[in-house]
Amino acid sequence: MDLKQIKDYIYWLYFQYLLVTCIYVLEPWERSVFHTITITVVAMVVYTAYVFVPIHVRLAFGFFSQVFGSQTENTL
Amino acid sequence: MKRSAEKVGWQPRANGCSLPAHGCDRKNGYVRGFPGPESHSQIHHIAHNGGLYKRPFNETFEETPMLVAVLTYVGYGVLTLFGYLRDFLRQWKIEKCHNATERDEQKDFVPLYQDFENFYTRNLYMRIRDSWNRPICSVPGAKVDMLERVSHDYNWTFKYTGNIIKDVINMGSYNYLGFAENTDACKKAVAEVLSQYGCGVCSTRQEMGNLDKHEELESLVARFLGVESVLAYGMGFATNSMNIPALVGKGCLILSDELNHASLVLGARLSGATIRIFKHNNMQSLEKLLKDAIVYGQPRTHRPWKKILIIVEGIYSMEGSIVRLPEVIALKKKYKSYLYMDEAHSIGALGPSGRGVVEYFGLNPEDVDIMMGTFSKSFGAAGGYVGGKKELIDYLRVYSHSTVYATSFSPPVLQQIIASMKCIMGEDGTTFGKFRIQQLAENTRYFRRQLKKMGFIIYGNEDSPVVPLMLYMPAKIGAFGREMLKRHVGVVVVGFPATPIIESRARICLSASHSREILDTALKKIDEVGNLLLLKYSRHRVLPLLDRPFDETTYEETDD
């Protein structure tokens, strides 16, 4: 019962996605082209984020700790 | 004018149904308004010149939400990209080309199918074409039967399955007073006339085609409108496009509303007069153009214009707005110009006894110089008329192309108009006509209120039986038409080029033949589809366009 509701909701979300991007009116092969492009782009974004974000976070952390660290030294 | 009596008796009701109580004060647009018991809270848009209106004039155009506008453009972007892809495939013969193309011999001529409208038809309209031009196979009354059709090649061709979709609720016909029917007294009268006169006339009015019925119709319409004389034609579109050239010509100026119907635009262009366009229903814009016309005269020579003709419509069929007639008449008088009013949608549908915008505002029909209207909407027939002073109509009788060249009215059609008009006027001894007008006014108020309550964006005046429901996104145009038909409600969806490209809409026309039950069913279905497609955009943020003082920055100069 609950599962069916979730399924319906997901289908509704998918339908909204179809409508907003206008692929609702496209032919099936065009839809698959659009889906392929979207999935590729999203996948690349996620992968890039996975690879680069941790490095950037570590660098930023190092930078800020240095800044605040030097400040505390000065005040002392 | 018995103002005290009015104050007591005046109750603003739907569609001006209280007006006959003070029909005596039809002087002109300058009748001083009186503060009715409820008018203070209701009048929104007339603060800058209060006093001209005798009834609340509530007209709203809600702002397009920013997110919706952006998403709409994104949708058009996706469709355009895929359109280019498909055009590319067609050009390199990778896929079969269904549409018309230039022939090889004409390769070096001016291209015929490469402009934006062709691109739009080929790549955007074609994908949702199944929501348009559906054949129906019964009287277009409150319910209608439709032929079922399918397409196996994505709307390039259609096949009829042979099935009939029965009892689809008809929210699309201009059947305002419900005279499109095959049961009542009108039909009997029409059948009698058909057996007496036959169907065709085979000649024009100026030759052997002037029947006694034509004369009867014209005197009846003149009486109905309260004008001196009327000339009737067999086609509404031609009434506009052929009469404007007879009225104005070179050296004259036409001031035309930006949303005027194609027939008016065509007529104005054919006339050869200079055309200037004012913002939709915007009186500041109109006044500025009038002032400029008087001050500067014709371009270069600076001679005064021979005539200045203001062209407006009664109800604008795409926006559902009602013309600000009292103000237009006041301006017309102030600047001594002429007024041409197209009452195609408003005649029969507005006013306490169905006499159109003039009666709705309680004005004098003589203040409108040329009253034009059609019989194809409220009267369930076909054709159009022009009414006005006797000299004017006699002139048109001789000089208008429609009288000289068009085959005259078919007698059964004439009889349908006569019978329905007599019914509206109560001359058939019944009160059906009165009842229908009341019913339409109530339906209009009820339906608009319910839709607003549900949260849809609805355009136009609260008394206009044309209800534009905004859809915006291109995929939703097709989806709305399909989903509504799936639920047995037939609606008309409208997109570019009939509307601005982002303001696609569904246009619902109410009718006196809709019972409350039918309306409730339709509302329930619209609610359902509205939730499914996320159409309830309304944030109740009214577009301040009409209240904003008009200045130079909002004005776009039109070239001569």
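Note that the coordinates shown come from a computational prediction; the quantities given were computed from them, not determined experimentally. Chain A is the first sequence line, chain B the second, and so forth, proteins listed ahead of strands; every chain is numbered from 1.
- Using a 4.5 Å cut-off on side-chain heavy atoms (C-beta onward), W12(A) and L534(B) make contact.
- The stretch residues 120-130 of chain B places R127(B), I128(B) near chain A, each with some heavy atom under 4.5 Å from a heavy atom of that chain.
- In this structure, Y73(B) places its OH atom where only 12 or fewer heavy-atom neighbours from other residues, nucleotides or ligands lie under 6.0 Å away.
- Neither the backbone nor the side chain of I477(B) comes within less than 4.5 Å of any heavy atom in chain A.
- Environment of NZ in K536(B): crowded, with over 12 heavy atoms of neighbouring residues, nucleotides or ligands closer than 6.0 Å.
- By number of non-hydrogen pairs under 4.5 angstrom with chain B, the leading residue of V20(A), I23(A), L18(A), T21(A) is V20(A).
- With a 4.5 Å cut-off on non-hydrogen atoms, L85(B) touches chain A through its side chain but not through its backbone.
- Residues from residues 25-45 of chain A that place a non-hydrogen atom less than 4.5 Å from a non-hydrogen atom of chain B comprise V25(A), L26(A), E27(A), P28(A), W29(A), E30(A), V33(A), F34(A), given in numerical order.
- Heavy-atom neighbours of Y9(A) OH from other residues, nucleotides or ligands within 6.0 Å: at or below the threshold of 12.
- Counting all heavy atoms, side chain and backbone alike, A479(B) lies closest to Y24(A) at CB-CE2, 3.5 Å.
- A distance of 11.0 Å separates CG of L19(A) from CG of L71(B), quoted to the nearest 0.5 Å.
- Taking every heavy atom of both residues into account, P474(B) and C22(A) meet most closely at CG-SG, 3.3 Å.
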